[in-house]
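None of these values were measured; they are calculated from a predicted model.
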Amino acid sequence: MDITLHTTVLPHDDPDASLAFYRDVLGFEVRGDVGQGRMRWITVGPAGRPGTSLLLAPPAVDPGITEDERRTIAEMMAKGTYGWILLATPDLDGTFEKVQAHDAEVVQEPTEQPYGVRDCAFRDPAGNLVRIQEVR
């Protein structure tokens, strides 16, 4: 079987703030931006890697989601427990400094983990956890 990761999804509650974080702070390319106002689906991805994308999407817009589920999603996003992503870079310290300089919420400074990786963590504007692992 030949399977690859094409696109993953993270929720946003402020499309402009999320776009600024992924484009201006992390350096992702904008590949698509459809919709209007807060109902925008924005596709971004690492420069030079057109086969891998991140879709920033409004949460809980599926018509099959109940009001209780919408409230739960909103509560989880507010706590930062709804979405997360793991990224990788060969320059963890440089990446950490750049992201920190943009006033992103630091969750964890670069740390050698007991399970054999070195990583750091931030929250994006929607509260999603963004872990960045050092490629060795």
Check whether any side-chain heavy atom of [X] lies under 4.5 Å from a side-chain heavy atom of [Y], and answer yes or no.
| X | Y | answer |
| --- | --- | --- |
| Pro58 | His12 | yes |
| Leu87 | Leu26 | yes |
| Arg123 | Leu129 | yes |
| Arg23 | Ile42 | no |
| Leu10 | Leu54 | yes |
| Arg136 | Arg118 | yes |
| Phe122 | Val25 | no |
| Ser18 | Leu56 | yes |

Nearest 0.5 Å, please: how far is [atom2] in [Y] from [atom1] in [X]?
| X | Y | atom1 | atom2 | answer |
| --- | --- | --- | --- | --- |
| Asp68 | Arg71 | CG | CZ | 4.5 Å |
| Ile132 | Phe96 | CD1 | CZ | 9.5 Å |
| Asp93 | Glu134 | CG | CD | 6.5 Å |

Look at atom CD of Gln36 and say whether more than 12 heavy atoms of other residues, nucleotides or ligands are closer to it than 6.0 Å. no

Evaluate Asn128 against Ile85 for side-chain contact (heavy atoms from CB on, under 4.5 Å), listing each step before the verdict. CA-CA 8 Å; Asn128 298 306; Ile85 190 167; over 6 Å; no

For Thr43, all residues meeting side-chain hydrogen bond (donor to acceptor under 3.5 Å, both in side chains), sequence neighbours excluded: none

Between Thr111 (side chain only) and Gln113 (backbone N and O only), is there a donor and an acceptor less than 3.5 Å apart? no

Does one hydrophobic cluster hold both [X] and [Y], with members joined at side-chain heavy-atom distances below 4.5 Å?
| X | Y | value |
| --- | --- | --- |
| Leu86 | Val99 | no |
| Phe28 | Leu92 | yes |
| Tyr82 | Tyr22 | no |
| Val9 | Val61 | yes |
| Ile65 | Met39 | no |

Identified side-chain hydrogen bond (donor to acceptor under 3.5 Å, both in side chains) counterpart of Ser53 within the set Glu29, His6, Arg31: Arg31

To check you understand the geometry: which heavy-atom pair defines the closest contact between [X] and [Y], and what is its length?
| X | Y | value |
| --- | --- | --- |
| Arg40 | Asp33 | NH2-OD2, 2.6 Å |
| Arg131 | Gln108 | NH2-OE1, 2.6 Å |
| Ala126 | Pro11 | CB-O, 3.5 Å |
| Asp62 | Arg70 | O-NH2, 3.6 Å |

